[in-house]
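For reference, the structure discussed in these notes is given below.
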Amino acid sequence: MEKACEHLTAHGINLSAQRIAVMQYLLEHHTHPTADVIHSALVRKLPTLSKTTVYNTLRLFVEHGAATMLTIDERSANFDYRTDPHAHFLCTQCGHIYDLPEDHERLLSCTNLKTGMKAESAALYLRGCCHRCNAQKTEA
């Protein structure tokens with residue numbers, strides 16, 4: 001819980017039990033969860049926690065740079081506590097989202113920007129079949 005409090009405070013977010021719980025979940029579960037997954041997991045401990053509160057909390061985190069919203073899956077938004085530039089891979093078979101290490105400068109230099117343009121951020125989403133699903137295909 002201490003790490004969640006430090007992370008929120010460092011991003012200028014006032015602490016509340018709900019905000020701490022949501023950030024703690026993101027820090028402990030590197031699964032790129034949706035707001036609904038987070039709500040389902042936390043409502044057992046915080047029975048008064050509403051889905052609206054979770055959605056608003058996640059939006060606040062994104063606005064303050066404390067979390068990242070991924071739009072890799074067009075069906076839902078996923079959230080990541082990591083805000084450092086890195087790529088993501090979505091397995092189209094099992095739905096798991098993986099973090100991929102990627103150099104930020106390399107991401108930004110992948111495109112040919114017109115003179116006078118300067119990229120400030122980049123997102124790289126890859127989709128395909130993960131190593132686990134590929135292994136299951138070859139065994140079958």
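- Taking all atoms of both residues into account, the shortest heavy-atom contact from T83 to A67 is CG2-N, 3.6 Å.
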Determine whether L126 and L124 satisfy the following criterion, side-chain contact (heavy atoms from CB on, under 4.5 Å), listing intermediate values before the conclusion.
CA-CA 7 Å; L126 302 170; L124 176 60; 4.2 Å; yes
Given salt bridge (charged side-chain N to carboxylate O under 4.0 Å, His left out), test R82 with D84 step by step and report yes or no.
CA-CA 6 Å; R82 286 185 57 192; D84 62 306; 2.6 Å; yes
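- Applying the ring-ring contact (aromatic ring centres under 6.0 Å, His included) test to residues at least two apart or on different chains, the pairs with a partner in residues 13-33 are Y25-H29, H30-Y81, H32-H88.
- Residues L58 and L26 are in side-chain contact: their nearest non-hydrogen atoms beyond the backbone lie under 4.5 Å apart.
- Atom CD of Q93 sits about 4.0 Å away from atom NZ of K137, to the nearest 0.5 Å.
- Hydrophobic cluster membership differs between I38 and L70, with clusters built from Ile, Leu, Val, Met, Phe, Trp and Tyr side chains linked at under 4.5 angstrom.
- Atom CZ of R127 has more than 12 heavy atoms from other residues, nucleotides or ligands within 6.0 Å.
- The closest side-chain heavy-atom distance from N78 to I97 is below 4.5 Å.
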Decide side-chain contact (heavy atoms from CB on, under 4.5 Å) for L90 and Y98; before the verdict, give the C-alpha distance in whole Å, the side-chain angles of both, and the deciding distance to 0.1 Å.
CA-CA 7 Å; L90 169 67; Y98 296 88; over 6 Å; no
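- For the salt bridge (Lys or Arg N to Asp or Glu O under 4.0 Å) condition, no pair includes a residue of residues 2-25, sequence neighbours left out.
- By the side-chain contact (heavy atoms from CB on, under 4.5 Å) test, T53 is found to be paired with Q18, L49, S50, T57, residues two or more places apart in sequence or in another chain being considered.
- No continuous path of hydrophobic side-chain contacts links M69 to Y55 [ILVMFWY only; heavy atoms under 4.5 Å].
- Partners of F79 under the ring-ring contact (aromatic ring centres under 6.0 Å, His included) rule, at least two apart in sequence or in another chain, do not exist in this structure.
- Residues meeting the salt bridge (charged side-chain N to carboxylate O under 4.0 Å, His left out) test with R75, sequence neighbours left out: D73.
- A donor-acceptor pair under 3.5 Å is formed between the side chain of N134 and the backbone N or O of C129.
- Of all non-hydrogen atoms in A17 and L46, the two that sit nearest each other are O-CD1, 4.4 Å.
- We find the SG-CD distance between C130 and Q136 to be 8.0 Å, quoted to the nearest 0.5 Å.
- Smallest separation of non-hydrogen atoms from C5 and I20: SG-CD1, 3.7 Å.
- Looking only at side-chain heavy atoms (C-beta outward), D99 and F89 stay at 4.5 Å or farther from each other.
- Between V62 and T68 there is no side-chain heavy-atom pair separated by less than 4.5 Å.
- Residues S76 and T34 share a closest heavy-atom pair of OG-CG2, 3.6 Å.
- To the nearest 0.5 Å, the span separating CE on M1 from CD on E28 amounts to 10.0 Å.
- Listed for the H64 side chain is a donor-acceptor partner under 3.5 Å among the backbone atoms of L60.
- For K51, the salt bridge (charged side-chain N to carboxylate O under 4.0 Å, His left out) partners two or more places apart in sequence, or in a different chain, are D36.
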